[in-house]
*Asks:* 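Before I ask anything, here is the structure I am working with.
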2 protein chains.
Amino acid sequence: MGVSLKDIAQRAGVSLATVSNVVNGYRPVGEQTRRRVQQAIDELGYTPNLSARHLRRGRTGIIALAIPELNNPYFAELADAAIREAAGLGYTLVMESSGADRDLELLLLDGSRRHIIDGLIFSPVRITRDDVLARTGTVPLVLIGEGVYDVPHDHIAIDNVAASRVVVEHLLALGRRRIAFIGAGAGQDRQSAQLRLRGYREALAAAGLPVDAELVVATEQFGRRDGLLAMRRLLALDTPPDAVFGYNDLVAIGAVRAIGEAGRRVPEDIAVAGIDDIEEGRFSTPTLTTIAPDKEHIGRFAVQRLVALIEGAPLAPPADLHLPFRLEVRESTGPLGDRHRAVG
Amino acid sequence: MGVSLKDIAQRAGVSLATVSNVVNGYRPVGEQTRRRVQQAIDELGYTPNLSARHLRRGRTGIIALAIPELNNPYFAELADAAIREAAGLGYTLVMESSGADRDLELLLLDGSRRHIIDGLIFSPVRITRDDVLARTGTVPLVLIGEGVYDVPHDHIAIDNVAASRVVVEHLLALGRRRIAFIGAGAGQDRQSAQLRLRGYREALAAAGLPVDAELVVATEQFGRRDGLLAMRRLLALDTPPDAVFGYNDLVAIGAVRAIGEAGRRVPEDIAVAGIDDIEEGRFSTPTLTTIAPDKEHIGRFAVQRLVALIEGAPLAPPADLHLPFRLEVRESTGPLGDRHRAVG
DNA sequence: TTGAAAGCGCTAACAT
DNA sequence: ATGTTAGCGCTTTCAA
């Protein structure tokens with residue numbers, strides 16, 4: 001074991017409590033004493049034993065960020081911001097993957113790690129509002145993403161229905177009329193898929209267009225491969241779409257690949273757009289039109305709310321926060337002839 | 001506070017030690033007793049308080065994976081494997097980012113979190129062999145990647161010189177003669193950049209070709225944008241290259257983008273290859289030729305070695321492990337006319 | 001302004 | 001096979 005408070009106390013000729021107060025600043029310490037203690041700390045190279053502190057305080061200083069897929073770049077970028085914010089507030093953030101599995105999500109919700117984490121930032125995709133209401137776990141909880149609404153917890157997300165509408169309106173403004181949606185979710189209640197699908201439907205309805213069921217493709221997951229496979233099915237239709245809206249950027253990128261493999265061009269033959277604004281889409285060929293949520297903001301804000309909750313700061317009641325987003329029009333829906341404008 | 005061992009002991013009418021033994025299995029417990037204790041545990045919903053356990057044991061059950069950039073997909077894919085392996089062995093893995101900063105790396109090396117982590121898997125890029133030899137930290141350490149060699153720690157990596165040679169030999173076999181290298185590292189000692197550059201040089205030398213200094217481009221970082229900017233400089237040369245080898249897949253993808261923006265084609269005009277085999281390169285247009293290290297293997301193996309070290313298992317002395325890799329030839333260097341073969 | 005001491009929940013050495 | 005108990009390092013109440 002390393003250097004402990006007791007070692008410092010002995011060295012400085014003071015009591016344990018005094019050293020603790022120099023370290024934590026809970027109550028005033030005389031200037032003389034403080035100096036002696038600080039010197040001992042420096043000489044011996046003391047750092048607090050966190051396990052002991054946590055045992056005593058009943059807190060661990062660890063918060064978790066639970067997301068469906070670890071290697072979805074959207075979450076990686078979000079996590080990056082969250083980790084930095086957490087570190088700045090004296091917390092360590094650990095990432096947990098639910099694998100988009102309902103049972104695992106329920107476990108996380110009920111505090112599978114309740115003794116190791118002080119709080120949870122959760123991006124659920126399979127559980128429902130009722131699951132959250134019925135939860136027995138008590139660790140502070142902040143929800144992100146569009147999984148669940150109307151629950152007594154902080155909830156940070158963009159308005160997915162509105163975002164989807166903006167994308168589809170953009171495609172309509174380009175003159176596209178057979179607009180497909182990839183990623184409707186395969187039977188399970190991926191709530192965010194429902195919301196994005198709803199925005200898609202609303203935009204079509206507002207334009208007086210019918211929703212053609214064969215243009216709405218469900219997928220098992222929401223990765224590149226899922227987008228690719230779904231797009232192949234769309235290309236096999238008698239009348240393929242002239243535009244595709246992907247559930248997220250990964251799905252859209254998979255669709256772009258499938259279109260190229262079929263010898264068609266994006267955007268000339270088929271325009272493609274996604275949601276998330278992952279960096280990949282800013283360098284792909286063609287670059288990808290997308291909805292850009294402020295990931296940095298979401299990540300930092302979620303951590304701030306959670307830490308406030310943990311530390312019992314007086315704060316506003318649970319809020320449903322809709323952060324702004326913007327449409328990034330790039331080559332995959334750009335006007336023709338606009339290919340290969342320099343990026344970066 | 002929640003339910004403690006004492007609560008269970010009272011409920012089951014046994015001693016603390018017995019409950020502890022039911023939970024941990026350190027010594028045998030009678031069948032009758034075990035059943036009663038287990039029932040109490042189930043009824044009261046007991047879970048061990050990890051802070052207490054850690055305080056007592058002197059270990060935290062947390063290991064760290066320190067990498068240069070959190071949102072480099074290569075590391076995300078590696079981390080995914082490592083996190084699963086760690087969980088399987090009863091450890092929680094936290095990710096730390098060094099930001100490829102030398103001071104931060106030194107801090108990590110000397111145990112900036114010594115009280116919170118039991119061990120460290122470290123992928124350094126700026127520190128040197130001497131830094132590692134001089135380290136004062138004592139937490140068990142496993143090195144991954146090509147940052148440092150010949151130090152008394154486990155070290156897991158692919159042979160970067162050999163891998164680079166394979167890539168360049170492949171480009172040579174395609175008949176390319178002006179082969180550029182992007183990502184030589186800008187002055188700082190990014191050891192892995194040196195190694196990959198060495199492989200590049202060796203392959204050219206073996207083919208009896210000179211190394212043209214203007215075809216070797218240093219970059220600040222190793223992301224998509226760096227590849228893009230470097231490639232623009234190469235395209236501005238009097239005689240641009242007919243092939244490009246990127247330090248990693250991200251750099252290569254940036255280069256592909258720059259080539260397209262300049263109105264040239266990959267691979268017809270310029271062939272491009274990288275290292276890492278990130279999923280992005282399997283769906284990009286064109287798909288990216290690359291070196292595929294076994295990320296799953298590296299991640300799991302690093303965790304296994306580290307945990308063995310932590311738990312003091314008798315094990316072989318520190319080893320320098322070179323894991324196998326293979327060349328994945330895809331469209332970006334494929335024979336002409338091979339575009340858009342179906343992937344997936 | 002400072003000190004003494006209890007006790008957070010657990011494990012492991014020592015007893016029985 | 002089971003029980004008793006010391007003590008990991010820290011924070012915090014009560015006293016001085």
Side-chain angles (χ1 to χ4, degrees), chain A residues 1-38 40-41 44-62 90 111 113-118 310-312, chain B residues 1-41 44-62 90 113-118 310-312:
Chain A
M1 289 275 109
V3 182
S4 78
L5 267 195
K6 197 161 71 177
D7 299 322
I8 304 299
Q10 262 162 18
R11 175 88 159 214
V14 296
S15 76
L16 279 181
T18 300
V19 180
S20 175
N21 282 316
V22 169
V23 173
N24 296 294
Y26 288 141
R27 47 181 209 189
V29 176
E31 191 46 45
Q32 300 283 325
T33 325
R34 145 161 285 115
R35 213 192 311 281
R36 273 217 317 286
V37 170
Q38 189 58 54
I41 288 177
L44 270 48
Y46 168 76
T47 50
N49 178 315
L50 297 183
S51 292
R53 174 178 286 174
H54 296 154
L55 173 58
R56 184 55 233 242
R57 284 192 184 157
R59 290 209 237 116
T60 64
I62 297 174
R113 305 247 195 179
R114 81 190 67 150
H115 275 310
I116 216 183
I117 63 171
D118 290 342
I310 291 169
E311 300 184 347
Chain B
M1 289 275 110
V3 183
S4 77
L5 267 195
K6 198 161 72 175
D7 300 322
I8 303 299
Q10 263 163 16
R11 174 88 158 213
V14 297
S15 76
L16 277 182
T18 299
V19 181
S20 175
N21 283 315
V22 169
V23 173
N24 296 294
Y26 290 140
R27 47 181 209 190
V29 176
E31 192 45 47
Q32 300 282 325
T33 325
R34 144 161 286 115
R35 213 194 310 280
R36 273 218 316 288
V37 170
Q38 190 57 54
Q39 189 180 349
I41 289 177
L44 269 48
Y46 168 77
T47 51
N49 179 318
L50 297 183
S51 291
R53 173 178 288 173
H54 297 153
L55 173 59
R56 182 57 231 241
R57 284 193 184 155
R59 292 207 237 116
T60 64
I62 297 175
R113 305 244 196 183
R114 82 190 67 146
H115 274 311
I116 218 184
I117 64 171
D118 290 342
I310 291 168
E311 300 185 347

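Every chain is numbered from 1 and lettered A, B, ... according to where its sequence line falls, protein lines coming before strand lines.
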*Asks:* If you check the B:T18 side chain, which of D:dG3, C:dA12, C:dA4 turns out closest?
*Replies:*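 That would be D:dG3.
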*Asks:* So, OP1 or OP2 of D:dT11: does either fall under 4.0 Å of a side-chain N or O from A:R53?
*Replies:*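 Result: yes.
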*Asks:* By nearest atom, which of the nucleotides D:dC8, D:dC10, C:dT11 is closest to the A:S4 side chain?
*Replies:*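 Selected nucleotide: D:dC10.
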*Asks:* Check side-chain contact (heavy atoms from CB on, under 4.5 Å) between B:R36 and all other residues, then give those that pass, not counting sequence neighbours.
*Replies:* B:V14
*Asks:* Can you tell me the distance, in whole Å, between the CD1 atom of A:I41 and the P atom of D:dG9?
*Replies:*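 So the two atoms are 16 Å apart, to the nearest Å.
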*Asks:* Determine, stepwise, if the pair A:Y46 / A:L5 fulfils side chain to side chain contact (heavy atoms under 4.5 Å, CB included).
*Replies:* CA-CA 8 Å; A:Y46 168 76; A:L5 267 195; 3.5 Å; yes
*Asks:* Which nucleotide wins on minimum distance to the side chain of B:L55, given the candidates D:dT4, C:dG3, D:dC8?
*Replies:*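 The listed nucleotide nearest to B:L55's side chain is D:dC8.
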*Asks:* Can a side chain N or O of B:S20 be found less than 4.0 Å away from OP1 or OP2 on C:dT11?
*Replies:* yes
*Asks:* Short of 4.0 Å, heavy atom to strand atom, which residues of residues 27-36 of chain A count as contacting DNA chain C?
*Replies:*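 By residue number: A:R27, A:P28, A:V29, A:G30, A:T33.
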*Asks:* With sequence neighbours excluded, what pairs up with B:R53 under the salt bridge (charged side-chain N to carboxylate O under 4.0 Å, His left out) test?
*Replies:*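 Not a single residue meets the salt bridge (charged side-chain N to carboxylate O under 4.0 Å, His left out) criterion with B:R53.
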*Asks:* The criterion is side-chain contact (heavy atoms from CB on, under 4.5 Å); which residues satisfy it with A:R35, sequence neighbours excluded?
*Replies:* A:E31
*Asks:* Answer yes or no: does a side-chain N or O of B:Y46 lie under 4.0 Å from OP1 or OP2 of C:dC10?
*Replies:*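 For B:Y46, the contact criterion (side-chain N or O under 4.0 Å from OP1 or OP2 of C:dC10) is met.
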*Asks:* Passes side chain to side chain contact (heavy atoms under 4.5 Å, CB included), A:S4 versus A:D7? Steps please.
*Replies:* CA-CA 5 Å; A:S4 78; A:D7 299 322; 3.5 Å; yes
*Asks:* What is the separation between atom CG on A:N49 and atom P on D:dG7, rounded to the nearest whole Å?
*Replies:* 18 Å
*Asks:* Which residue, B:R56 or A:N21, contacts DNA chain D at a nucleotide closer to its 5' end, judged by nearest heavy atom?
*Replies:* B:R56
*Asks:* Who are the side-chain contact (heavy atoms from CB on, under 4.5 Å) partners of B:E311, not counting sequence neighbours?
*Replies:*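 Listed in chain order: B:R59, B:Y91, B:V307.
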*Asks:* In whole angstrom, what separates B:L16's CG from C:dC8's C1'?
*Replies:* 13 Å
*Asks:* For the helix from C:dT1-D:dA16 to C:dT16-D:dA1, what angle lies between the axis at the first five pairs and the axis at the last five pairs, to 10 degrees?
*Replies:* 30°
*Asks:* Round to the nearest Å and state the distance from B:L5 atom CG to C:dT11 atom C1'.
*Replies:*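 In whole Å, C:dT11 C1' lies 9 Å from B:L5 CG.
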*Asks:* Please report the distance, rounded to the nearest Å, between CG in B:L50 and C1' in C:dC8.
*Replies:*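 One finds 14 Å between C1' of C:dC8 and CG of B:L50, rounded.
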*Asks:* C:dT11, OP1 or OP2 - any side-chain N/O from B:R57 closer than 4.0 Å?
*Replies:* yes
*Asks:* How many whole angstroms separate atom CZ of B:R59 from atom C1' of C:dC10?
*Replies:*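 Answer to the nearest Å: 14 Å.
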*Asks:* For the pair made of OH in B:Y26 and C1' in D:dG3, what is the distance, rounded to whole Å?
*Replies:* 19 Å
